[in-house]
Amino acid sequence: MLEKLDQIQDEALHALQTISDEETLQSWRVTHTGRSSALMQVFSGLGKLSKEERPKVGQKANLVKIALETAFDERSKIVKQEALERSLEREHLDVTLPGRPVSKGRLHPATQTLRRILNILAEMGFQVFTSNELETDEYNFQFLNFPPDHPAREMQDSFYVEGNDRGDNPLLMRTHTSPGQIRAMRAAVATDPNNPPPIRIALPGMCFRYEQITARSEVQFNQVEGLAVGEKITFSDLKGTLSDFGRRMFGQDVRTRFRAQHFPFTEPSAEMDVECFVCGGKGCKVCKQAGWLEILGCGMVHPVVLQNGGYDPNLYTGFAFGMGIERQAMLRYKIEDIRYFWGNDIRFLEQF
Ligand SMILES: [Zn+2]
């Protein structure tokens with residue numbers, strides 16, 4: 001019986017040496033130290049042995065049991081260590097790999113274009129004057145020589161604010177940046193009512209119109225507008241300023257032309273075209289074969305508007321001009337659909 005115990009121990013330890021994973025290790029424990037193992041059968045058979053044999057075999061069996069348990073613990077440690085090393089090897093972390101690039105935000109193409117225009121105007125002495133997006137009918141239309149029922153209002157329907165009973169002076173989202181002209185003039189006059197200072201300002205911002213959204217028109221868009229008011233300002237000043245603006249914006253060699261137009265708030269009024277910078281004036285798809293691109297509207301400030309701003313039209317004159325920012329960006333980048341600007345499509349925005 002003692003020899004049999006030696007044999008049980010040898011076999012068990014031998015089998016244990018080659019085990020390298022947790023699963024096999026557990027099944028070894030069941031086979032060699034579990035209830036139905038050869039060792040446990042020796043323990044349960046002790047009662048059948050003689051009085052002389054029983055203590056010797058019992059003692060020996062206990063030693064074998066301790067030896068197997070100790071060997072199991074040691075092997076178990078080795079198996080766990082090996083498993084850890086394998087997993088470290090497999091999930092190898094290479095700290096020298098380059099990191100994932102952080103995607104950088106950037107300015108919206110409309111903002112980029114607006115800032116470029118404002119920079120040019122700033123070089124020419126125009127200071128930025130920001131004004132309300134929510135306006136009254138008076139500031140948006142009446143003070144600018146659009147009386148109620150004036151047909152030009154049809155071109156600029158807006159979004160009205162409900163719930164205020166203001167009669168014929170309701171609140172609305174401004175349809176152009178021009179109400180800022182009145183606000184800027186009145187602010188300047190307030191500083192010195194008897195001798196109001198000259199004005200040279202740029203009015204940028206979002207405008208709103210209630211109209212069908214198409215490839216060429218949106219319900220919101222940016223405008224920038226320039227206003228110069230002072231003594232002895234003439235149409236020559238307007239032409240010189242805007243021709244210079246055209247050169248700074250589109251290149252030193254670009255030609256410009258002025259066409260007569262009608263706006264309620266200027267008299268006389270004109271539109272300025274620049275020679276198509278895509279085809280150089282020969283005619284192409286962008287300029288619709290005309291060779292010219294319409295850039296802005298302009299004119300001498302109407303006496304009624306000067307009066308409403310607080311400047312005496314007998315003493316002061318002025319000129320104003322305005323342009324759509326998205327339109328400038330569309331020409332510059334050959335964008336065919338204005339809806340891209342507010343569509344929030346990253347594939348469009350990423351290109352600028
Ligand atoms: Zn062209």
Side-chain angles (χ1 to χ4, degrees), residues 105-118 120 133 135 140-141 146 151-160 172-179 203-226 242 245-246 249-251 254 256-264 269-298 321-352:
R106 68 195 82 184
L107 292 174
H108 191 279
T111 307
Q112 288 181 31
T113 307
L114 176 60
R115 289 197 179 181
R116 184 176 143 78
I117 293 168
L118 289 177
I120 293 171
E133 288 184 352
E135 271 296 0
N140 194 75
F141 292 123
F146 289 74
R153 285 192 178 210
E154 295 230 333
M155 311 272 287
Q156 299 192 13
D157 200 3
S158 183
F159 300 99
Y160 289 82
L172 57 114
M173 300 308 288
R174 67 177 176 192
T175 58
H176 46 186
T177 45
S178 306
L203 301 151
M206 190 67 87
C207 305
F208 308 85
R209 289 193 192 171
Y210 179 69
E211 58 182 276
Q212 194 177 5
I213 297 171
T214 68
R216 297 189 64 79
S217 60
E218 252 286 7
V219 294
Q220 62 174 62
F221 54 92
N222 283 287
Q223 268 190 353
V224 65
E225 180 158 324
L242 291 181
F245 171 79
M249 183 78 184
F250 300 106
V254 77
T256 53
R257 73 174 183 186
F258 290 78
R259 286 178 290 103
Q261 181 53 279
H262 168 78
F263 302 115
S269 305
E271 274 178 341
M272 185 176 89
D273 298 341
V274 296
E275 198 172 40
C276 178
F277 43 79
V278 178
C279 63
K282 291 188 195 78
C284 70
K285 205 177 135 194
V286 175
C287 61
K288 298 201 180 77
Q289 309 307 324
W292 296 91
L293 296 165
E294 181 203 320
I295 295 302
L296 53 83
C298 56
F321 56 92
M323 65 198 102
I325 302 306
E326 289 78 17
R327 176 158 171 75
Q328 310 293 324
M330 286 169 84
L331 290 173
R332 188 173 155 83
Y333 301 118
K334 298 180 192 124
I335 299 164
E336 288 176 339
D337 194 324
I338 198 171
R339 289 171 291 193
Y340 289 134
F341 283 92
W342 314 117
N344 274 341
D345 188 334
I346 204 85
R347 291 168 302 179
F348 170 73
L349 297 171
E350 271 176 349
Q351 297 174 47
F352 301 95

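Proximity of Val224 to Leu203: side-chain heavy atoms (C-beta onward) are nowhere separated by under 4.5 Å. Under the 4.5 Å side-chain criterion, counting only non-hydrogen atoms from C-beta, Pro204 is in contact with Leu118. For the pair Cys207 and Asn222, the minimum side-chain heavy-atom distance is 4.5 Å or more. Residues Glu218 and Phe208 fail the side-chain proximity criterion, which asks for heavy atoms closer than 4.5 Å. Looking only at side-chain heavy atoms (C-beta outward), Phe221 and Ile325 stay at 4.5 Å or farther from each other. Phe141 has its side chain out of reach of Pro179: every pair of non-hydrogen atoms, C-beta onward, lies at least 4.5 Å apart. Between His108 and Trp342 the shortest side-chain heavy-atom distance falls below 4.5 Å.
Taking a 6.0 Å sphere around CZ of Arg115, one finds it holds 12 or fewer heavy atoms contributed by other residues, nucleotides or ligands.
Not a single ring pair (Phe, Tyr, Trp, His ring centres under 6.0 Å) links His262 to another residue, sequence neighbours left out. Judged as a side chain to side chain donor-acceptor pair (under 3.5 Å), and not counting sequence neighbours, Arg209 has no contacts. Taking the salt bridge (Lys or Arg N to Asp or Glu O under 4.0 Å) definition, one finds that Arg327 meets it with nothing, sequence neighbours left out. In this structure, the side chain to side chain donor-acceptor pair (under 3.5 Å) partners of Glu135, at least two apart in sequence or on a different chain, are Arg183. Partners of Thr113 under the side chain to side chain donor-acceptor pair (under 3.5 Å) rule, at least two apart in sequence or in another chain, do not exist in this structure. Shown here are the side chain to side chain donor-acceptor pair (under 3.5 Å) partners of Arg257, two or more places apart in sequence or in another chain: Asp273. In terms of the ring pair (Phe, Tyr, Trp, His ring centres under 6.0 Å) criterion, residue partners of Phe341 (sequence neighbours excluded) are, by chain and number, Phe348. Judged as a salt bridge (Lys or Arg N to Asp or Glu O under 4.0 Å), and not counting sequence neighbours, the contacts of Glu271 are Arg259. Applying the ring pair (Phe, Tyr, Trp, His ring centres under 6.0 Å) rule to Phe245 yields no partners; only residues at least two apart in sequence or on another chain are considered. Considering only residues two or more places apart in sequence or on other chains, Glu326 meets the salt bridge (Lys or Arg N to Asp or Glu O under 4.0 Å) condition with none of them.
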Walk me through it: do Gln212 and Ser217 pass the test side chain to side chain donor-acceptor pair (under 3.5 Å)?
CA-CA 7 Å; Gln212 194 177 5; Ser217 60; over 6 Å; no

Please report the C-alpha distance between Gln328 and Met323 in whole Å, then the side-chain angles of each, then the deciding distance to 0.1 Å, and finally whether the side chain to side chain contact (heavy atoms under 4.5 Å, CB included) criterion is met.
CA-CA 8 Å; Gln328 310 293 324; Met323 65 198 102; 3.5 Å; yes

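Counting only residues at least two apart or on different chains, the salt bridge (charged side-chain N to carboxylate O under 4.0 Å, His left out) pairs with a member in residues 343-352 are Asp345-Arg347.
Here the CD-CE distance, from Gln220 to Met206, works out to 4.5 Å after rounding to the nearest 0.5 Å. Atom OG1 in Thr214 sits 8.0 Å away from atom CG in Asp337 (nearest 0.5 Å).
Side-chain contact annotation: Glu275 with Thr256, donor-acceptor N/O pair under 3.5 Å absent.
Here the closest non-hydrogen pair linking Asp157 and Tyr160 is OD1-CE1, 3.9 Å. The two atoms that bring Leu242 and Met272 nearest to each other are O-CE, 3.5 Å, heavy atoms only. Nearest heavy atoms, Ser269 versus Phe263: OG-N, 3.4 Å. Between Phe352 and Gln112, the closest heavy-atom pair is C-NE2, 3.7 Å. Closest of all the heavy-atom pairs between Val254 and Gly246 is CG1-O, 3.5 Å. The two residues Arg106 and Leu349 come nearest to each other via the heavy atoms CD-O, 4.1 Å.
Of the possible polar contacts, none joining the Ser158 side chain to the Leu172 backbone as a donor-acceptor pair under 3.5 Å is found. Side-chain N or O atoms of Asn140 include one that pairs as donor or acceptor with a backbone N or O of Thr175 at under 3.5 Å.
Aromatic ring centres of Phe159 and Tyr210: separated by under 6.0 Å.
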All N/O donor-acceptor pairs, side-chain side in residues 277-297, below 3.5 Å, sequence neighbours left out:
{"unit_1": "Lys285", "atom_1": "NZ", "unit_2": "Glu336", "atom_2": "OE2", "d": "3.4"}
{"unit_1": "Gln289", "atom_1": "NE2", "unit_2": "Cys284", "atom_2": "O", "d": "3.4"}

